[in-house]
2 protein chains.
Amino acid sequence: MANIKDVAKMANVSISTVSRVINGTANVRQELRKKVMKAINELNYRSNPLARGLKGFPTRTLGLIIPNIENPFFPAMVRGVQDVANRNGYAIFLCNTDEDPQLEEIQYFLLLEKKIDGLLLVVSSMNVSFLDKEPHAPVVLLDRYVENSDLSYVVVDHKMGMNLVLKHLENIGRKKVVFLGSKDVTSGAKERLESFVEYFKGVANLKTGIFFGEYSEKSGAYMTQKLLSKRIDFDAIVCGNDLIAFGAIKVLKNHGVNIPDDVSVVGYDDIFFSAYHSPKLTTVHQPTYELGEIAAHLIIDEIEKKEHEPKKHIRLEPRLIVRETSISGRIKNVNS
Amino acid sequence: MANIKDVAKMANVSISTVSRVINGTANVRQELRKKVMKAINELNYRSNPLARGLKGFPTRTLGLIIPNIENPFFPAMVRGVQDVANRNGYAIFLCNTDEDPQLEEIQYFLLLEKKIDGLLLVVSSMNVSFLDKEPHAPVVLLDRYVENSDLSYVVVDHKMGMNLVLKHLENIGRKKVVFLGSKDVTSGAKERLESFVEYFKGVANLKTGIFFGEYSEKSGAYMTQKLLSKRIDFDAIVCGNDLIAFGAIKVLKNHGVNIPDDVSVVGYDDIFFSAYHSPKLTTVHQPTYELGEIAAHLIIDEIEKKEHEPKKHIRLEPRLIVRETSISGRIKNVNS
DNA sequence: AACCTCCAAGAAAACGTTTTCAAGACAATA
DNA sequence: TATTGTCTTGAAAACGTTTTCTTGGAGGTT
């Protein structure tokens, strides 16, 4: 691989001049500039980013830490990040944490060591103490924020999302609504839960209306199983995510419960396959791709703008997608 | 950030000694070693990978180029790669090409420039000329191989996969089998097509039995639409991937065709949601996670083993997953 | 003509490491 | 005691850049 010295030799100039031509950092006579350019092309020279980085130049590298790329929620987000990162000449490191705060910290320091210019982070718990420890790279939080931290973040307004769901259920006459969530403590889950509780403040069956498991189909099935065996009275299930909803629907079907006539089921996330599921899932669409895009823009701005910009807190609006699991086609047609 | 000089100063030794302690590259007196260790801990020193890389040390960084992370086929593969990479201390750059060879080449050189130690590549066409141009980093091909190249690769045996499908259809008495594929020229697609053609060699309706579109639900629907409007006679559809199958099923359902009694539909890939689809999709399961794992092992071996190992060509066995779209439950139960 | 200013370009320092080279200490051998 | 060898350590070179410092010359002003 040709280095700057080779270029200098070929062009008969000093390496300083070559550097100046490359970076446009000072005036160079037309004649020399041309010679240098020619040498660069002939040798197919590309400056070594390691050496550059050593001099404090940005590495044009971003870190992206997410819980798990296999979770259907994340690929679109990742793609959003990558598209704008790429457009701006950044490459991105992708890491999974499996929602394990310890692993998260390890990944964080590993990336820091790689001299990334900035980090996009989907935190997996509400206290990420390591972020205060060494504020070495700019950080933008993604999808979830942490309290008591002034980092920029871009999230979805889950309060609004949950309200959309509950208003919809109220509109179609559902009175006994049950929530199947997860005991995780991320900002989104908290917001949804709080919003749910608030909505039903003062309603008698509230206490029995909330159940916790995991964000999986299996757990959704299990919780629903329990719901039935405990003979809890409900006419609607609100789920913490689509996977849980799939599990719930499966069990309800197996028990001969009619969806949506007997029970409405609403998911959350609108992952790719919710539209293919049978019956098609009513759910809350999260603009995940945009989430990634905007976060990438934020971090790049923070990196490249010299002036210390104020931290930005962005909340994107989710949309309720009414499909077949909350309200029957016949009724829907009558209404529309 | 503390550097090696600070450590040396604090421990009252030369930087050479510190370096030797860190890398265990030569003997250092116990006493000094301890002092150095203490200084390292106290200053929370971590050696700068940029400076190391400049000296020719590996960067412990891998590139992973795939067509599109939003394609449900890839997340598990990516995760497989990441898990073993992580276990071995490598971080990975993830890039999308959208199956565009030109973009692929750009990404390739971008990663090379980042001084990755090795590259995992899902090629998007059969001729990747840039791989010969500058063989700078070890490359392992993933999921698809290219002809006339001696690179290591790990792929799924699609010949076997297609045979499993066709044998299954033959077993259940299907005679008029139609193939809905894509005109892409990847090794996997080619193998499947060839295998299909070979299987039906000499059968009269072969010519009309093959249709090309794209790997999407939309395209699957479109092709099936055409199949119906052309009044082509068929009792089984073999699809290039699961998405196409979903589209086909949707259209068939809309036209009152009974699945699987009138027509069997078989997908390919067994993406996560094929088990949730209604009816549940019969399809060929690809061991994508293992694909990623093995590829990562291969590339790491190639990087770390000094001796020039022979290139390895690994073919993983797919499995046919018989669900509800190829053979009706009643019949299946009778058989079992 | 003498002086100052400005500009283009080269020399050299710096970034943080690893590694080669040289040297000093000490033990072992003759 | 002189010689050889081994072991430990420090000094310095090297990796490929950017940037500061320096220099030489051209042009303008008095």
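Labels below follow one simple rule: chain letters A, B, ... track the order of the sequence lines, proteins then strands, and each chain is numbered from 1. Quantities reported herein were computed from a predicted structural model and do not represent experimental measurements.
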Rounded to whole Å, CD1 of A:I15 lies from C1' of C:dA11 at a distance of 9 Å

Is B:L103 close to B:N96 at the side-chain level, that is, under 4.5 Å between some pair of heavy atoms?
no

When the ring planes of A:F130 and A:Y108 are compared, do they come out parallel, tilted or perpendicular, using 30° and 60° as the limits?
tilted

More than 12 foreign heavy atoms under 6.0 Å from CG of B:N148: is that the case here?
no

Near DNA chain D, which residues from residues 27-37 of chain A have a heavy atom under 4.0 Å away?
none

Considering residues, nucleotides and ligands other than A:K311, do more than 12 of their heavy atoms fall under 6.0 Å from its NZ?
yes

State, yes or no, whether a side-chain contact exists between A:Y45 and A:S47 at a heavy-atom distance under 4.5 Å.
yes

Whole-Å distance, A:L50 CG to C:dG16 P, equals 14 Å

Determine whether A:K190 and A:E147 make a side-chain contact, defined as any pair of heavy atoms from C-beta on separated by less than 4.5 Å.
yes

A:F57 atom CZ is separated from C:dG16 atom P, nearest whole Å, by 16 Å

Whole-Å distance, B:L54 CG to C:dA14 P, equals 17 Å

Phosphate-side-chain proximity, A:N3 and D:dG16, N/O vs OP1/OP2 below 4.0 Å:
yes

When the C1' atoms of the five terminal pairs at each end define the local axes, what inter-axis angle does the helix from C:dA1-D:dT30 to C:dA30-D:dT1 show, to 10 degrees?
60°

Given side chains that start at C-beta, do those of B:F93 and B:I116 come closer than 4.5 Å, heavy atoms only?
yes

Would you kindly give the CG-to-C1' distance between A:N12 and C:dG10, to the nearest whole Å?
13 Å

DNA chain C contacts made by residues 16-26 of chain B, counting heavy atoms under 4.0 Å
B:S16, B:S19, B:R20, B:N23

Could you give the NZ-to-C1' distance, from A:K5 to D:dT18, as a whole number of Å?
15 Å

Whole-Å gap separating C1' (C:dG16) and OH (B:Y45):
7 Å

A:P67 and A:R144, any side-chain heavy atoms less than 4.5 Å apart
yes

Any salt bridge between B:E293 and B:R79, counting N to O under 4.0 Å?
no

Per nearest nucleotide of DNA chain C, the residue lying toward the 5' end, B:N48 or A:S14, is A:S14

Roughly how many Å is it from NZ in A:K55 to C1' in D:dT18, rounded to a whole number?
5 Å

Any chance the side chains of A:S16 and A:S19 put a donor and an acceptor closer than 3.5 Å?
no

Would B:E113 and A:N48 satisfy side-chain hydrogen bond (donor to acceptor under 3.5 Å, both in side chains), going step by step from the backbone distance to the final call?
CA-CA 7 Å; B:E113 212 173 307; A:N48 184 327; over 6 Å; no

